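Just so we're clear, the structure is a prediction, and the values are computed from it rather than from any experiment. Order of the sequence lines fixes the chain letters, A, B, ..., with proteins taken first and strands second; residue numbering starts at 1 for each chain.
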2 protein chains.
Amino acid sequence: MASKKEKDLFPAANHDHKACIKTALNEAERYCRENGLRLTELRRRVLELVWASHRPVGAYDLLEKISSNNRKAAPPTVYRSLDFLMEHGLIHRIASLNAYVGCSHLDHHHAPRFFICDQCGEAAELDDPVIDDAIARDAKRLGFRVERQTLEISGVCATCEHGSTG
Amino acid sequence: MASKKEKDLFPAANHDHKACIKTALNEAERYCRENGLRLTELRRRVLELVWASHRPVGAYDLLEKISSNNRKAAPPTVYRSLDFLMEHGLIHRIASLNAYVGCSHLDHHHAPRFFICDQCGEAAELDDPVIDDAIARDAKRLGFRVERQTLEISGVCATCEHGSTG
DNA sequence: AGGTGAAATGTTATAATATTACACTAGTTT
DNA sequence: AAACTAGTGTAATATTATAACATTTCACCT
């Protein structure tokens, strides 16, 4: 519920997360179709696993989930999929956590900007043109050509801070 | 030369880097003295090695430099010093590079904000109150209590872009 | 349909970064 | 000197990521 209003904020504890996953997969499929990319079974599965929550997830966690009892997957299996998904903006890497999270803003080009709760682990992706402009201005002043950005704010989210049980 | 004017920008190729190192060590000594901290020989040496350049340096690079021919230092040796130096704001960690760089703004409290050149590897630490305010405003809107920040802009610096030989 | 080349995946090994745990030393306080 | 604490040494191991090469799958062409 209220996905429009909350799309930029921390997801409510009771939100319909299955809808998040479904939307993410649908969008990814559309994006790949439109751009001649192959969202293979493996890539789709990795994307789905990344989207299992709004918490950034480690590559080796994914690897475990991909592995079946009899067949253990090797690191490149998951790293290659992660690389593909990152290259096409379907997920982001959280450098401060060595972890990966689904992109919430597939509809527009953007620099990744995250608020990440240390307690519950949830990450909220948040646009702010003021930040974008300020960075662009600084870069211009330096004569610096920007290629990648990492903005990760860690702390405690409202839910954890005010302890609404949940 | 011109250290005042350029203190917030990428250091000129011909700047007097020995002065940077000396200043950093002096400031660190003063800071530790005033705060009852022990800048031991090891910590001082690590700080000095981090300040060997304005390029973020990896822990294992430091480890090699600390090791002598006969005596190889072990990882905790350098990681503990790095932890100490980070805890007291004498250096910053660059999450996107798994590397460490001296703090250029010892004189005031600040969130670390870096522009990092992919080509020459140099990092410039840059304050921008507009960014600070924007992040604070976003955090407030989210009800998020900020504890740590990571802002790393990667790309190509002016010197590398315009290729002034160097 | 079969051949071909490129993309994707499987597999093994290893690199790079970081931490745990415990022993020992040095410095400080009493 | 005893006792305590902070700092360092050392060995082992955890965690994250990549390299190199073999094999499979897929799209495309004829």
Between A:Thr77 and C:dT9, is there a side-chain N or O to OP1/OP2 distance below 4.0 Å?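 Answer no for this pair, as no side-chain N or O of A:Thr77 is under 4.0 Å from OP1 or OP2.
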Look at B:Thr40 and D:dT8 and indicate whether a side-chain polar atom (N or O) is within less than 4.0 Å of OP1 or OP2.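 Yes, B:Thr40 has a side-chain N/O under 4.0 Å of OP1/OP2 on D:dT8.
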Write down the distance between [atom1] ([X]) and [atom2] ([N]), rounded to a whole number of angstrom.
| X | N | atom1 | atom2 | result |
| --- | --- | --- | --- | --- |
| B:Arg71 | D:dT10 | CZ | C1' | 10 Å |
| A:Asn70 | C:dG10 | CG | C1' | 15 Å |
| B:Leu62 | C:dA16 | CG | C1' | 14 Å |
| B:Ile66 | D:dG7 | CD1 | C1' | 14 Å |
| A:Arg45 | C:dT9 | CZ | C1' | 16 Å |
| A:Phe84 | C:dA7 | CZ | C1' | 11 Å |
| B:Leu85 | D:dG7 | CG | P | 12 Å |
| A:Leu63 | C:dT11 | CG | P | 12 Å |

Centroid separation A:His92 to A:Tyr100 less than 6.0 Å: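 Aromatic pair excluded; centres sit 6.0 Å or further apart.
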May I ask you to check whether B:His15 and B:His54 place their ring centers less than 6.0 Å from one another?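 Yes: the rings meet the under 6.0 Å criterion.
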Side chain to side chain contact (heavy atoms under 4.5 Å, CB included), paired with B:Arg113, selected from B:Asp132, B:Asp128, B:Ile153, B:Thr150: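 With B:Arg113 as partner, side chain to side chain contact (heavy atoms under 4.5 Å, CB included) holds for just one option, B:Asp132.
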What's the verdict on side chain to side chain contact (heavy atoms under 4.5 Å, CB included) for B:Phe115 and B:Cys157, showing C-alpha distance, side-chain angles and the deciding distance? CA-CA 8 Å; B:Phe115 283 74; B:Cys157 75; over 6 Å; no
Walk me through it: do B:Asn35 and B:His88 pass the test side-chain hydrogen bond (donor to acceptor under 3.5 Å, both in side chains)? CA-CA 10 Å; B:Asn35 292 275; B:His88 299 294; over 6 Å; no
Hydrophobic cluster membership, with links at side-chain heavy-atom distances under 4.5 Å among I/L/V/M/F/W/Y: are B:Phe114 and A:Leu142 in one?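 Per the 4.5 Å side-chain linkage, B:Phe114 and A:Leu142 are not co-clustered.
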Under 4.5 Å between side-chain heavy atoms, hopping through other hydrophobics if needed: is there a path connecting A:Leu9 to A:Ile94?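 They do not share one cluster, since no chain of ILVMFWY contacts under 4.5 Å joins A:Leu9 to A:Ile94.
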Between the opening five pairs and the closing five pairs of the helix from C:dA1-D:dT30 to C:dT30-D:dA1, how far apart are the helix axes, to 10°?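 For the helix from C:dA1-D:dT30 to C:dT30-D:dA1, the axes at opposite ends meet at about 30°.
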A:Gly89 and A:Leu106: which non-hydrogen atoms are nearest, and at how many Å?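 A:Gly89 and A:Leu106 have their closest heavy atoms at O-CD2, 3.3 Å.
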B:Leu42 and B:Ser81: side chain to side chain contact (heavy atoms under 4.5 Å, CB included), yes or no, with the steps? CA-CA 7 Å; B:Leu42 177 63; B:Ser81 289; 3.5 Å; yes
Identify all pairs in which a protein N or O lies below 3.5 Å from an N or O of nucleotides 23-26 of chain D, and state each distance.
none

Working for salt bridge (Lys or Arg N to Asp or Glu O under 4.0 Å), residues A:Arg44 and A:Glu48: CA-CA 6 Å; A:Arg44 199 192 136 90; A:Glu48 190 176 4; 5.0 Å; no
Determine, step by step, whether A:Val57 and A:Leu49 satisfy the side chain to side chain contact (heavy atoms under 4.5 Å, CB included) criterion, reporting the C-alpha distance in whole Å, the side-chain angles of both residues, the deciding distance to 0.1 Å, and the verdict. CA-CA 9 Å; A:Val57 58; A:Leu49 288 170; over 6 Å; no
Produce the list of close N/O pairs, under 3.5 Å, pairing protein atoms with atoms of nucleotides 12-18 of chain D; give distances to one decimal.
residue: D:dA17; atom: OP1; partner: A:Arg93; partner atom: NE; Å: 3.3
residue: D:dA17; atom: OP1; partner: A:Arg93; partner atom: NH2; Å: 2.1
residue: D:dA17; atom: OP2; partner: A:Tyr79; partner atom: OH; Å: 2.9
residue: D:dA17; atom: OP2; partner: A:Tyr100; partner atom: OH; Å: 3.1
residue: D:dA17; atom: O5'; partner: A:Tyr79; partner atom: OH; Å: 3.4
residue: D:dA17; atom: N7; partner: A:Tyr60; partner atom: OH; Å: 2.5
residue: D:dA17; atom: N6; partner: A:Tyr60; partner atom: OH; Å: 3.2

Given the structure, check if the side chain of A:Arg80 and the base of C:dG10 hold any donor-acceptor pair shorter than 3.5 Å.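 Side chain to base: pair present.
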